[in-house]
*Asks:* 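One structure is given below, represented as structure tokens, and several questions about it will come after.
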2 protein chains.
Amino acid sequence: MPVQLNECPVEVVISSLSGRWKIPIYRYLYKNDQPVRYSALQRHLPSISKKVLTEQLRELERDSIIERKSYPEPRPRVEYALTSAGRSMIEFLDQISEWGVKHILSKQETQQS
Amino acid sequence: MPVQLNECPVEVVISSLSGRWKIPIYRYLYKNDQPVRYSALQRHLPSISKKVLTEQLRELERDSIIERKSYPEPRPRVEYALTSAGRSMIEFLDQISEWGVKHILSKQETQQS
DNA sequence: CTGTATCCTACAAGATACTG
DNA sequence: CAGTATCTTGTAGGATACAG
């Protein structure tokens, strides 16, 4: 039986987390635990350009991991936050982290910086 | 505090699973539960080229997810299998799958094929 | 402040041919 | 059988300038 192109939920989820800045964005939103402004993300990720930041945010939004709220006030303001689905990813992310610490960091003991 | 470039184990693990064919390869090795020949992988993933297959295998090997054993017999033979670290990924992969089924597939109910 | 619009580069992935 | 070696292409990501 040949491979089924993207019927596999694991592939879909992995690829939705695969952008260069997606995990850092996720971590920041998760840690803050409240809506965060575009400019705050920009400040927190100093080496990201606006184009790329917007792209990564749009993709996370398309994948229902974050949500975007716009307040077109005198001073325009946009806030991003994890959806409840996004927040619930923490369970497997924690397990991934644990796996990584166990199997990656332990291999680097013998390396010099 | 700015982002730490790849001190984050989650980023490392996600990116080690991010290749186009890595999850399909993983799934095949996991399902078979025994060493699998290069040619068997090729047959199972009909649309992959040898160059790409070899690349993906080398990366999975570098990341200690699979191991390669070569038997330079009359008819050369190479077998790939999950390492025990690789096999232990199944725990979070299962959780990812569960998350995906719950949050992705359920959104597609309203789509037509 | 929160974005687009362009342009550019690097690299992942594919097609195809050749090899020990 | 299990790969390299080349060449090509698509796309992610970055630099920079402009805009509502």
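Throughout, protein chains are lettered first and strands after them, A, B, ... in sequence-line order, and every chain is numbered starting at 1.
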*Asks:* Can you check whether B:Thr54 has a side-chain N or O nearer than 4.0 Å to OP1 or OP2 of D:dG3?
*Replies:*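 The answer is no; no side-chain N or O of B:Thr54 sits under 4.0 Å from OP1 or OP2.
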*Asks:* Once you round it to whole Å, what is the distance between C1' of C:dT4 and CG of A:Leu57?
*Replies:*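 For the pair A:Leu57 CG and C:dT4 C1', the rounded distance is 15 Å.
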*Asks:* Whole Å only: how far is the CZ atom of A:Arg75 from the C1' atom of C:dT2?
*Replies:*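 Roughly 13 Å, once rounded to whole Å.
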*Asks:* Looking only at side-chain N and O atoms, does B:Arg37 come under 4.0 Å of OP1 or OP2 in D:dC1?
*Replies:*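 No, outside the criterion.
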*Asks:* For A:Arg75, does the CZ atom have more than 12 heavy-atom neighbours from other residues, nucleotides or ligands under 6.0 Å away?
*Replies:*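 Atom CZ in A:Arg75 is not crowded, with 12 or fewer foreign heavy atoms closer than 6.0 Å.
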*Asks:* For atom NZ of B:Lys69, is the number of surrounding heavy atoms from other residues, nucleotides or ligands below 6.0 Å larger than 12?
*Replies:*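 At most 12 heavy atoms, drawn from other residues, nucleotides or ligands, come within 6.0 Å of this atom.
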*Asks:* In terms of heavy-atom contacts, does OH of A:Tyr28 have more than 12 from other residues, nucleotides or ligands at under 6.0 Å?
*Replies:*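 Counting other residues, nucleotides and ligands, OH of A:Tyr28 exceeds 12 neighbours.
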*Asks:* Provide, to the nearest angstrom, the distance between the CG atom belonging to B:Leu45 and the P atom belonging to C:dA13.
*Replies:*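 In whole Å, C:dA13 P and B:Leu45 CG are 13 Å from each other.
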*Asks:* Given atom CD of A:Glu61 and atom P of C:dT2, what is their separation to the nearest angstrom?
*Replies:*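 Nearest whole value for this atom pair: 15 Å.
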*Asks:* Atom CD of residue position A:Glu91 - does it have more than 12 heavy atoms of other residues, nucleotides or ligands inside 6.0 Å?
*Replies:*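 No - once you tally the heavy atoms of other residues, nucleotides and ligands closer than 6.0 Å, there are 12 at most.
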*Asks:* Check the angle between the aromatic planes of A:Trp99 and B:Phe92 and answer parallel, tilted or perpendicular using the 30° and 60° thresholds.
*Replies:*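 Geometry flag for B:Phe92 against A:Trp99: perpendicular rings.
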*Asks:* Output yes when at least one side-chain N/O atom of B:Arg77 is less than 4.0 Å from OP1 or OP2 of D:dG3, else no.
*Replies:*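 B:Arg77 to D:dG3 OP1/OP2: no side-chain N or O under 4.0 Å.
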*Asks:* According to the salt bridge (Lys or Arg N to Asp or Glu O under 4.0 Å) rule, which pairs have a member within residues 44-58 of chain A, sequence neighbours left out?
*Replies:*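 Listed by first then second residue: A:Lys51-A:Glu55.
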*Asks:* Taking atom P of D:dA2 as reference, at what distance in whole Å does atom CZ of B:Arg58 sit?
*Replies:*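 Rounded to whole Å, this separation is 12 Å.
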*Asks:* How close or far is atom C1' of C:dC1 from atom CZ of A:Arg43, stated in whole angstroms?
*Replies:*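 One finds 11 Å between C1' of C:dC1 and CZ of A:Arg43, rounded.
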*Asks:* Treat primed atoms plus P, OP1 and OP2 as sugar-phosphate and everything else as base, then score nucleotides 9-20 of chain D 5' to 3': B for base contact with protein heavy atoms under 4.0 Å, S for sugar-phosphate contact only, - for none.
*Replies:* ----BBB-----
*Asks:* Could you go through A:Lys22 and A:Glu59, starting from their C-alpha distance and side-chain angles, then the distance that decides it, and tell me whether this counts as salt bridge (charged side-chain N to carboxylate O under 4.0 Å, His left out)?
*Replies:* CA-CA 9 Å; A:Lys22 292 194 180 163; A:Glu59 290 175 20; 2.6 Å; yes
*Asks:* Which whole-number value in Å describes the distance from A:Tyr71 OH to C:dT2 P?
*Replies:*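 From A:Tyr71 OH to C:dT2 P: 12 Å.
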*Asks:* Please work out if A:Tyr80 contacts a base, only the sugar-phosphate, or nothing of the nucleic acid, heavy-atom cut-off 4.0 Å.
*Replies:*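 If one applies the 4.0 Å heavy-atom cut-off, A:Tyr80 turns out to touch the sugar-phosphate alone, with no base involved.
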